[in-house]
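Working notes, beginning with the structure itself.
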Amino acid sequence: LILWAPGGFRFTCYYYRGAYYKSFWADPPACGVGEPRKTYLGENSLPLILQNAHRFFLYLAIAFVFILLYDAWKAMWFTDAATGERTFGIGVGTLVLTANAVLLGLYTFSCHSFRHLVGGYKDLLSRRPGQRKVYHCVSCLNRRHMNWAWFSLFSVAFADIYVRMVSMGIWTDYRIL
């Protein structure tokens, strides 16, 4: 039910585009091969025009990051079966959920669209030192966007598998604190 939003964000991601344009459409062709068409349409016709929805999927992805951080925070509070009292604690599942939310946050906040959102549209950032600092921070994260994309992809898969296995009683969620 909810996979369309994070899936749309990943599918329209600038990093992934480069990979699947070359893989599925052989576009752009290798440097020694001429263009197979006379006019360049870019992302102005179907199906590539759908890529322009990336910035809208970004807004949804940001919401998901905060929801996952909230879930990780809630996972840090355990209910004592005997007293019913809620106490702070950390388990392996807490670490898995927190790592997943952090890696997804790094992937989301290192996005090219997010960099544009925080200041890339400005001609002169020097007049806004706070915005300039945020822009440079996002640019620093953006240098590793490919890494964050892959790490977060695997963390989502592992977190889903971990939660499923624990809920089925196959794995035990060991408590650390």
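The structure presented is a predicted model; accordingly, all values stated were derived computationally and were not measured.
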Angle between ring planes, Phe88 versus Trp73, binned at 30° and 60°: parallel, tilted or perpendicular?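 Aromatic pair Phe88/Trp73 classed tilted.
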Acceptor/donor pairs from residues 154-169 side chains to any protein atom, 3.5 angstrom cut, sequence neighbours excluded:
residue, atom, partner, partner atom, Å
Ser155, OG, Asn100, OD1, 2.9
Ser155, OG, Ser152, O, 3.0
Tyr162, OH, Asp173, OD1, 2.9
Ser167, OG, Val163, O, 3.2
Ser167, OG, Arg164, O, 2.8

pair [X]-[Y]: side-chain heavy atoms closer than 4.5 Å:
X      : Y      : result
Tyr14  : Ser113 : yes
Tyr107 : Phe9   : yes
Tyr135 : Val138 : no
His116 : Cys111 : no
Leu68  : Leu97  : no

Taking OH in Tyr59 as the centre, count heavy atoms belonging to other residues, nucleotides or ligands within less than 6.0 Å. Is the count above 12?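 Yes, because the 6.0 Å sphere around OH of Tyr59 holds more than 12 heavy atoms from other groups.
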Connected via hydrophobic side-chain network under 4.5 Å: [X] and [Y]:
X      : Y      : value
Phe56  : Phe66  : yes
Met146 : Phe11  : yes
Met76  : Val102 : no
Phe57  : Val118 : yes
Leu60  : Leu106 : yes

Side chain to side chain contact (heavy atoms under 4.5 Å, CB included) between Arg115 and Ser110, intermediate numbers included: CA-CA 7 Å; Arg115 189 170 67 161; Ser110 69; over 6 Å; no
Does either side chain, that of Trp148 or that of Tyr15, offer a donor lying less than 3.5 Å from an acceptor on the other one? no
For [X] versus [Y], what's the shortest heavy-atom pair and its separation?
X      : Y      : result
Leu177 : Arg175 : O-NE, 2.9 Å
Phe64  : Ala5   : CE1-CB, 3.5 Å
Phe114 : Thr108 : CB-O, 4.0 Å

In sequence, state the C-alpha distance, the side-chain angles, and the governing distance for Tyr70 and Ile67, and then conclude on side chain to side chain contact (heavy atoms under 4.5 Å, CB included). CA-CA 5 Å; Tyr70 177 73; Ile67 290 168; 5.6 Å; no
Under a 3.5 Å distance rule, please check whether Arg128 uses its side chain to pair with a backbone N or O of Gly130 as donor and acceptor. no
Under a 3.5 Å distance rule, please check whether Arg10 uses its side chain to pair with a backbone N or O of Ala149 as donor and acceptor.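 Present.
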With side chain to side chain donor-acceptor pair (under 3.5 Å) as the rule and sequence neighbours excluded, what pairs involving residues 84-99 come up? Thr79-Arg86
Quick one, Leu153 with Tyr16, criterion side chain to side chain contact (heavy atoms under 4.5 Å, CB included). Give me CA distance, side-chain angles, the key distance, then yes/no. CA-CA 12 Å; Leu153 185 68; Tyr16 287 120; 4.2 Å; yes
In the hydrophobic cluster built from side-chain contacts under 4.5 Å, what are the other members alongside Phe78?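 Via sub-4.5 Å side-chain contacts, Phe78 links to none.
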Evaluate side chain to side chain contact (heavy atoms under 4.5 Å, CB included) for Phe109 paired with Cys137, printing each intermediate quantity in order. CA-CA 10 Å; Phe109 296 121; Cys137 180; over 6 Å; no
